[in-house]
Amino acid sequence: MKATHTLAAAALALGGTGAYAQDSSDPIIIPIHNWSSQIVMSHAVGQIYEDMGLNVEFVTTDSQAVYESVRLGDVTLELEVWEGAFGASYRAALAKGGMVDAGEHDAVTREDWWYPMWTKEACPGLPDWEALNDCAHLFTTAETGDKGRYLDGPVDWLKHGKERAEALGLNYVVINAGSAAALWAEIGAAEADKRPVLVFNWTPNFAEAVWPGEFVEFPAWEDGCDKDPAKGPNPDALYDCGNPATGYLRKVAHHEMTVKWPSAYCVLSNINFNNAQIAQMAKFVDTDEMEAEDAAAKWLGENEGVWQPWVTACTS
Ligand code: TMO
């Protein structure tokens, strides 16, 4: 890869000291989770750090528990803090101390109950959530009896799908998928005969280019909807709001990263991906079936003009 070879050569030319010699040679520990853009982005950033002459280690971790790990320094950073799924864990860890906010990406995110467009032909009251009960019969399965089936994400992403259904009186059984792949399989299986399906989905993602669809419009998210029963339409329940419709995507780091790896932290704070870039990273894996490391290298090779300035701005 030409782009990164240039950087490595530049570091070599400076001799053993290197351009980033003030950074520790201890490995920067980057957590990997269970959805494609996060895995590809983590490898892309890891490859950038390696080209800076820094050491990197990847660990597979739970995507909620990781905030406690960042706070304690067991992992060094997190590149994809999605507001809908991880806002609560992020806020809790930030309040406890030990974690620093490394800024937001330009990407605007949404994660929620979603359906491919053919579903709306069978249930024209969508995307309004109040249409869900009128249409529950369209989503029944042997497993769910006379209730509709909603396939939620894996348990570590969103812990409150069942509470949402209960708080809003939805006649649905909430089932957690074992993996992201199970969500795509559910949509794919319904596609041939245009069977209505309701699954968890998010944007930016590869899926929007494959299956046009819409999010269910739940009562709008209000801050505190997960903590204060008074928020949202049900005065007695938490989680009676949708996830934020224009959520953030941010980066965080263990507080000591700023002094132990100041150049790497500088790069982290400059890193800024938009929706199209993140959807592309997911597409390389989910549509094109590339390995994440190869997808990351391809993305870096094709987008040198995007990421090189994040690094050169940190050359001391
Ligand atoms: C955390 N996710 C982006 C899969 O919703």
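We count ligands from 1, going down the list as the structure has it; atoms in each ligand are counted the same way. Numbers here simply count residues along the sequence, with the first being 1. Note that the structure is predicted; figures quoted are calculated from it, not measured.
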Close-contact set for ligand 1 against F86 heavy atoms, below 4.0 Å: 1 (C)
Besides L238, the hydrophobic cluster formed by Ile, Leu, Val, Met, Phe, Trp and Tyr side chains linked at under 4.5 Å, directly or via other members, contains Y239
Atom indices of ligand 1, in the order listed, that fall short of 4.0 Å to a heavy atom of F200: 5 (O)
W157 heavy atoms within 4.0 Å reach ligand 1 at atoms 4 (C)
Ring pair (Phe, Tyr, Trp, His ring centres under 6.0 Å) partners of residues 275-306, not counting sequence neighbours, each pair once: F273-W299
Looking just at side-chain N and O atoms, do E80 and H33 make a donor-acceptor pair shorter than 3.5 Å? no
Determine whether D288 and K298 satisfy the following criterion, salt bridge (charged side-chain N to carboxylate O under 4.0 Å, His left out), listing intermediate values before the conclusion. CA-CA 12 Å; D288 304 343; K298 182 174 162 76; over 6 Å; no
Looking only at protein heavy atoms, which one is nearest to atom 2 (N) of ligand 1, and what is the separation? E111 OE1, 3.4 Å
